[in-house]
Amino acid sequence: MRPRRSSPLVFGVFGVLATTFTAVVLAAALAGGDEAAVPAGPGTAPTATERAVPAPTERTEVEPPTFSPPRKLDLGALGESEIALAGGSTAADRRAARSAMAVDLRYMQRSQTGARLKRNPLYGTGMMRPTTCRAPRPSTQARDMLAFLNATTGCLDRAWAAKFSQARAVFQQPRRVFWSRPGRGPCGSYPASGAAAYYCPSNRGMYIGLSHLIQQTGRIDPASNHVPYLSVLAHEYGHHVQSMAGIGGAWWWEVSNKSKTAQNAHSRRSELQAQCFAGVFMRTVRVPLGITAARWQAVLETEYGRGDDQNGLGLRDHGNGQNFAGWLDHGWKYARPGYCNTWTAPASHVS
């Protein structure tokens, strides 16, 4: 197992390229602040960074993948929806019993990695219900972006905590490192080569540079279209969901000693799943956060421009534009984590 490389994040109306690298979380939350010493290893690399690239010269129609998982999912023992609860019969008793019986999906045997990926208990939790979410509109001012990110992260916390509760699994909120001054964390110094946003699995930290991010918005005015910022935040949160569900650790265990081609193939499935998770959440806040059809289409076009076949860098670790935008829209369409099971999707849908 080893940390993954990172590259810069830049937003613009002409499209953006993500080069996201997922690492492993095999332990519970680390104590201490951002300066805490963390041994070099699988959890020490940022998970998502992006930089601007030219967008296609013509408008592109973006459609979601046609793949969907079977109607009846085989979730295995940890995916059973009903668990016999000990204790009293009151709601408080049941909640306490569920909490006591919760499974920390980050811990697993090597033989369980395939099950964590393909039959994760999270997949059996059904549709994500609409999320009550109130957030101020961001602007080019860092303080406004901070208020927006804090508010929407709170909504993400509630929405995904509910899903993990349904799965009888342990959930911990990510750390919010929305920085205005350079610093250093377990995944290294920030900003790193212009990086404006990434997820650091080793301390469950979402790192976003407020002014740094705003400086790189290109022509996208956050006051007029906040959805691209919500999409990036929800994507980073998607990597946190993967880490807490054991998916982040499992996929790297699967290919850590295999070829670069195999590692890229799993990286694509990971990135596309994070896209899908982002779409699932965004669907639940479309009304309170004003995600109009026009704004959604604009985000899909931007995401298309971030695909491996659009950036000209020759990398194949995120998926082509059609799939990178398509899985985001797939999550939006079905709003079910189970429909984000990229690990059983045909190769053509994660190419």
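One-based numbering along the sequence shown.
With Arg106 contributing its side chain and Gly249 its backbone, the two residues share no donor-acceptor pair below 3.5 Å. A donor-acceptor pair under 3.5 Å links the side-chain atoms of Asn323 to the main chain of His349, judged by distance alone.
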- Query: Given Trp160 and Phe281, is the ring-ring contact (aromatic ring centres under 6.0 Å, His included) satisfied, shown in steps?
  - Reply: CA-CA 8 Å; Trp160 284 111; Phe281 169 76; 7.8 Å; no

- Item | Audit row: Asp329, Trp296, side chain to side chain donor-acceptor pair (under 3.5 Å) steps and yes/no | CA-CA 9 Å; Asp329 202 35; Trp296 184 249; 2.8 Å; yes

- Item | Full working for ring-ring contact (aromatic ring centres under 6.0 Å, His included) between His240 and Tyr237 | CA-CA 5 Å; His240 176 66; Tyr237 207 104; 5.6 Å; yes

- Could you go step by step and tell me if Trp252 and His266 meet the ring-ring contact (aromatic ring centres under 6.0 Å, His included) rule? CA-CA 8 Å; Trp252 186 246; His266 268 49; 9.4 Å; no

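Looking at heavy atoms from C-beta onward, Asp309 lies out of side-chain contact with Arg316 at the 4.5 angstrom threshold. Gln242 has its side chain within reach of Ser270: a pair of non-hydrogen atoms, C-beta onward, lies under 4.5 Å apart. Between Arg204 and Ser243 the shortest side-chain heavy-atom distance does not fall below 4.5 Å.
The two residues Pro337 and Val280 have their closest heavy-atom pair at N-CG2, 4.4 Å.
Evaluation of the salt bridge (charged side-chain N to carboxylate O under 4.0 Å, His left out) test over residues 150-159, restricted to residues two or more places apart or in two chains, returns Asp157-Arg176. The stretch residues 336-351 participates, sequence neighbours left out, in no salt bridge (charged side-chain N to carboxylate O under 4.0 Å, His left out) pair at all.
When only modelled atom types and interatomic distance are considered, Glu271 and Gln275 share no side-chain donor-acceptor pair under 3.5 Å. Side chains of Ser267 and Asp317: a donor-acceptor N/O pair is absent below 3.5 angstrom, by distance only.
Among residues two or more places apart in sequence or in another chain, the salt bridge (Lys or Arg N to Asp or Glu O under 4.0 Å) test is passed with Arg181 by none.
Summarising the geometry, atom OG1 belonging to Thr113 is positioned 3.5 Å from atom CD belonging to Glu254; distances are rounded to the nearest 0.5 Å.
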